[in-house]
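These values consider heavy atoms only, across backbone and side chains, with no hydrogens, waters or symmetry-generated copies.
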Amino acid sequence: MLLKKFLTKSRIIDITSVDFKGVLTELLATIPDSILGKVSRPSAMKELIERENAISTYLESGICVPHLRIEGLKQKYIFVVGRCDHKVKIRDSEEPKDLNTVFLLLSNDNVESYMETLSIFAKIFSTESESVKKLKEAPTLDTFRTAVLNLLKPSQTSDEKSGKGKKKTAREEEKTNKLVIASAVKIAKVSKCSTIMLQGDTFKNLTELVPLLKSEKVVVVTENPALQLPSSWQMINVRAFSKSRFSQVRSAIMIAITRGIIGIKDRICCLGGVLGSNLVDSIIVFDIEKEFSNIFMGQKNLLPEGVKPEVIERIIDIATELSVEGREGKPVGCIFVIGNIDEIKPHIKQLILNPFFGYKPEDRNILNPFMDETVKEYSLIDGAFIIDGNGILDSAGSLIHTPDFKLQLPGGLGARHAAAYSISLMADCISLVVSSSTGQITLFRKGQMLPISERKRG
């Protein structure tokens, strides 16, 4: 989707207000009545303030992304951006905060891609990319406007300045990459691979590879959600567990399967190297059916009925962050159970008062990027997160109690893995475990276990 078309220069302004209500008043005033239709500015502002007080959209980088779905909006989306150089009292319960940019996102309530679009913006603004730095350091309103519009350009890359005055080593890297990729294409054809998967963060400039892979189906695995690719290529945004080669690939393959990018019977050819090295040094051919034989034993689909692929993708993303970072410097272990709530509920019991009870479904949806900190905070509580197929968090701190099974788990796995194993047998669900001792992420489906990251702690 071309996001830039929902923003005009006239809706990129300087903000003078020192409170959130004033900020919203200034931003909403830039939207013509012809676009708002019957939408009431005061009612939209009231709901935005209420939601901000309930769940903050402030990012530590000094950027705030208030958002709202509105019935009757004339366009799919409306974006308004404000530049700020002073402290603003954003939430009633908190002190004023340093605020650089406010990005207001309004959406028609019928738009299905709302959560995905919101997630894209949250990821873009939460990274300190060159484009975001230019946004924050813009000296004038005109340069700020240019920086904002460039941020939404589909052709924008973080390597625009590269390509001139290349050193000898760069030419050598390019030559080596051409030879290795040409060999990989031949290997892929002989092995009957349906897809070539590139570890995108290995390379400084992916556009150089386009002529080498112009007739191939290409999937790029990257940590950078703002990475721009050729229109025919597909992206899987997933974090690396370590600096080792192919640390992202297992998670990326799982996501590709759930999205339908690749099938169970496919083979894929993976190319990668040391992150940031700009040098391909490894080629691996994956036979999906053999690699994931346990998880697909006796079943055609990985996902339970009614579970959206993007929900699993988002949970893997959060689990990866907990695995890599822990919480407040300490290792964290937790369980996510995703599936039909009616099937799961007979086998759970609340250990604490449910912290998600009473909130609107939209505000407790795992696809809402501003739920990340909430989920990470509640990961410190014993018990499981229970999530439905649409991503709505039903409960946290839930005890899983199922009949005793003869456990078929490797030695060294504890109570969390046993609980995840059991619930995956009792209900049509997926359970995902982050180990508190090793940081390993393990997926359970129908009693079958699939590690999707390596052990790293201890």
Any idea which heavy atoms bring [X] and [Y] closest together, and the distance?
X    : Y    : answer
G326 : V332 : C-CG2, 3.9 Å
D98  : Y58  : O-OH, 2.7 Å
A319 : L432 : CB-CD2, 3.9 Å
A184 : I283 : CB-CD1, 3.8 Å
R69  : V111 : NH2-O, 2.6 Å
S395 : N354 : CA-OD1, 3.2 Å

Between [X] and [Y], is there a donor-acceptor pair closer than 3.5 Å when you use the side chain of the first and the backbone of the second?
X    : Y    : answer
T57  : C64  : no
T202 : Q199 : yes
S436 : G333 : no
R250 : P451 : yes
S422 : A418 : yes
R445 : L450 : no
D394 : I386 : no
N390 : I392 : no
S323 : G439 : yes

field: From CA spacing to verdict: side-chain contact (heavy atoms from CB on, under 4.5 Å), F203, V280
entry: CA-CA 8 Å; F203 305 97; V280 183; 3.2 Å; yes

Parallel, tilted or perpendicular: ring planes of Y378 versus F356, cut at 30 and 60 degrees: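 If you compare the ring of Y378 with that of F356, the planes turn out perpendicular.
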
query: What class does the angle between the rings of H67 and F370 fall in, given that below 30° is parallel, 30 to 60° is tilted and above 60° is perpendicular?
result: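 H67 vs F370 ring planes: parallel.
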
Kindly indicate whether the side chain of [X], heavy atoms from C-beta on, has any atom under 4.5 Å from the side chain of [Y].
X    : Y    : answer
Q234 : K217 : yes
L443 : I430 : yes
S232 : V218 : no
E343 : P304 : no
D201 : Q248 : yes
I348 : V337 : no
L105 : F79  : yes
N368 : E362 : no

Which distance, rounded to the nearest 0.5 Å, do you find between the [atom1] of [X] and the [atom2] of [Y]?
X    : Y    : atom1 : atom2 : result
E208 : I181 : CD    : CD1   : 9.5 Å
I338 : I315 : CD1   : CD1   : 3.5 Å
N224 : N237 : CG    : CG    : 7.5 Å
L425 : S431 : CG    : OG    : 9.0 Å
I381 : L351 : CD1   : CG    : 9.5 Å
E373 : S56  : CD    : OG    : 10.5 Å

query: Does atom CD of E305 have more than 12 heavy-atom neighbours, drawn from other residues, nucleotides or ligands, at distances under 6.0 Å?
result: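 Atom CD in E305 is not packed in, count stays at 12 or less.
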
task: Take atom NZ of K178 as the centre, draw a 6.0 Å sphere, and report whether it contains more than 12 heavy atoms from other residues, nucleotides or ligands.
output: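 Not buried by this count: 12 neighbours or fewer within 6.0 Å.
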
Salt bridge check: are [X] and [Y] linked by an N-O gap of less than 4.0 Å?
X    : Y    : value
E325 : R239 : yes
R91  : E52  : no
E321 : R327 : no

task: Output, in order, the C-alpha distance, side-chain angles, deciding distance and verdict of salt bridge (charged side-chain N to carboxylate O under 4.0 Å, His left out) for E310 and R314.
output: CA-CA 6 Å; E310 56 265 31; R314 189 74 195 106; over 6 Å; no

Steps toward side-chain contact (heavy atoms from CB on, under 4.5 Å) verdict (L213, L198): CA-CA 11 Å; L213 297 166; L198 293 176; 3.8 Å; yes

- prompt: Step by step, would you call M449 with Y421 a side-chain contact (heavy atoms from CB on, under 4.5 Å)?
  reply: CA-CA 8 Å; M449 184 180 80; Y421 167 84; over 6 Å; no

task: Indicate whether the side chain of S113 and that of Y77 have a donor and an acceptor atom separated by less than 3.5 Å.
output: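 Indeed, the side chains of S113 and Y77 share at least one donor-acceptor pair under 3.5 Å.
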
field: Polar contact flag, side-chain donor to acceptor under 3.5 angstrom, D428-N340
entry: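 Per modelled atom types, D428 and N340 side chains form no pair under 3.5 Å.
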
Please tabulate, for side-chain N and O atoms in residues 251-279, each donor-acceptor pair with protein atoms closer than 3.5 Å (sequence neighbours left out).
unit_1	atom_1	unit_2	atom_2	d
S251	OG	I452	O	3.4
T258	OG1	I255	O	2.8
R259	NE	E313	OE1	3.0
R259	NH1	M235	O	2.8
R259	NH2	E313	OE1	3.1
R259	NH2	E313	OE2	2.5
K265	NZ	E289	OE2	2.8
D266	OD2	S194	OG	3.2
D266	OD2	G263	N	2.9
R267	NE	D287	OD2	3.4
R267	NH1	S191	O	3.4
S277	OG	V274	O	2.7
S277	OG	L279	N	3.3
S277	OG	L279	O	3.4
N278	OD1	K204	N	3.0
N278	ND2	E173	OE1	3.1

query: So which pairs with a foot in residues 310-350 pass ring-ring contact (aromatic ring centres under 6.0 Å, His included), sequence neighbours left out?
result: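 Listed by first then second residue: F336-F385.
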
message: Please determine whether side-chain contact (heavy atoms from CB on, under 4.5 Å) holds for the pair I335 and I423, giving the CA-CA distance in whole Å, both sets of side-chain angles, and the decisive distance to 0.1 Å.
response: CA-CA 11 Å; I335 308 175; I423 193 66; 6.0 Å; no

- prompt: Just one of D363, I55, I318, N365 clears the side chain to side chain contact (heavy atoms under 4.5 Å, CB included) bar with M371, so which one?
  reply: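 Result: among D363, I55, I318, N365, I55 is the only option passing the side chain to side chain contact (heavy atoms under 4.5 Å, CB included) with M371.
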
